[in-house]
Amino acid sequence: MTPAGAPPAEYAPIFDWGARPRRKISFLTFLAASIVLHALCFYLFQITYPLTVALLPPPARVSLITPDSEQGRLLLRWLEAEDPALSSLTQRPPGAESSLPPVPAHRPSYAHHQPALKQLPPYRPDLRIPSALPPGPVALPRPSPPVPAAPVSSSLRFAPSADSLGPPQIPALHFATTRNAPPEAAQFRVGIDPLGAVRYSFIEKSSGDPALDEQARRQLMLCRFPKIGSPPAPLLWTTASFQWGNDLARPATSSEPSAP
């Protein structure tokens, strides 16, 4: 049976919030113990232990060296004697009125002593016959100016196996080298078609300058021979050699020194 005025069982609280006197007694006991412990610590650290005294640094003191005492006078004399600036300082005598040096009067050496003059030797003319080859500077032979080299033109020659094709028509040869050293003779392997034109060219021996080899190959492709037959005749393979002269265009040399 449920007493009158009590909530139903489904609405009854889960926890019992009734008064518990034991918890209040425990709380008061711990509070009193904390107060006693704080008071004991305050007594130990503030009364029993002595307070820390902070010592201030001593005040700065300045000692003056004055000539009032004998010890001060001795020290001042020693400092004045050991001063390195006095060795390079010009001090005037105690009785001097001006710091300028005195101007001494010029007294020549002959003012009190007259030197003895020497007599000239008698004149004696030279009656010897003058030499036909008097001594003089040696004339140095001047080197003769260099003779300019005769102009030699570059040439192109085909092997004797191409003589049966007739005289080749070679265009004007103009070459420019990129090096100051003289190039070597260049040799090409060429193939001539039935119309007399150079169809193929392969380098066999380089001149040492790739740019000069390319110019020579282009000149070979412009060469023509008389007709040797009607197509389809086989190609004629032969060799062509370039002999370089002094007509090659040299590279411009810069007068400014190159940067390191």
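The first residue in the sequence is number 1, and the count goes up from there.
The backbone N or O of G166 sits nowhere less than 3.5 Å from a side-chain atom of D163 that would complete a donor-acceptor pair. A donor-acceptor distance shorter than 3.5 angstrom exists from the side chain of T29 to the backbone of I25, with no hydrogens or angles considered.
Around atom CZ of R250, more than 12 heavy atoms belonging to other residues, nucleotides or ligands sit under 6.0 Å away. Surrounding CZ of R157 are at most 12 heavy atoms belonging to other residues, nucleotides or ligands under 6.0 Å away.
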Check residues 125-143 and write down every donor-acceptor pair under 3.5 Å in which the side-chain atom is one partner and the other belongs to a residue at least two apart or another chain.
residue : atom : partner : partner atom : Å
D126    : OD1  : R128    : N            : 3.2
D126    : OD1  : R128    : NE           : 3.0
D126    : OD2  : R128    : NE           : 3.4
D126    : OD2  : R128    : NH2          : 3.1
S131    : OG   : L133    : N            : 3.2
S131    : OG   : L133    : O            : 3.4

| Step-by-step side-chain contact (heavy atoms from CB on, under 4.5 Å) determination, T239 to Q187 | CA-CA 7 Å; T239 57; Q187 186 174 351; 3.9 Å; yes
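Salt bridge annotation for E80-R77: absent, with no cationic side-chain nitrogen under 4.0 angstrom from a carboxylate oxygen.
Within the model, atoms CG of L248 and OG1 of T177 stand 6.5 Å from one another, a figure rounded to the nearest 0.5 Å. The CG atom of L165 sits 13.5 Å away from atom CZ of R224, with the distance rounded to the nearest 0.5 Å. Atoms OH and CD1, from Y200 and I192 in turn, are 13.5 Å apart once rounded to the nearest 0.5 Å. Between the OG1 atom in T66 and the CD atom in Q71 there is a gap of 10.5 Å [rounded to 0.5 Å]. Going from atom OG of S153 over to atom CG of N246 covers 7.5 Å, rounded to the nearest 0.5 Å.
Hydrophobic clustering, with ILVMFWY side chains joined whenever heavy atoms are under 4.5 angstrom apart, groups F202 together with L235. Both M221 and I170 belong to a common hydrophobic cluster when Ile, Leu, Val, Met, Phe, Trp and Tyr are linked at side-chain heavy-atom distances under 4.5 angstrom. The hydrophobic cluster containing F158 does not contain L222, counting ILVMFWY residues as joined when their side-chain heavy atoms lie under 4.5 angstrom apart, directly or transitively. The hydrophobic cluster containing W78 also contains L76, counting ILVMFWY residues as joined when their side-chain heavy atoms lie under 4.5 angstrom apart, directly or transitively.
Taking each heavy atom of G208 and D213 in turn, the nearest pair found is N-OD2, 4.4 Å. C223 approaches P171 most closely through the heavy-atom pair SG-CD, 4.0 Å. Across all non-hydrogen atoms, the minimal contact from L220 to S201 is CD1-CB, 4.5 Å.
Taking the ring-ring contact (aromatic ring centres under 6.0 Å, His included) definition, one finds that F175 meets it with F242, W244, sequence neighbours left out.
The closest side-chain heavy-atom distance from D247 to P151 is not below 4.5 Å. Counting heavy atoms from C-beta on, the side chains of L173 and Q219 come closer than 4.5 Å. With contacts defined as side-chain heavy-atom distances shorter than 4.5 Å, the pair L212/T178 does not qualify.
A salt bridge (charged side-chain N to carboxylate O under 4.0 Å, His left out) check over residues 179-189, counting only residues at least two apart or in different chains, returns nothing.
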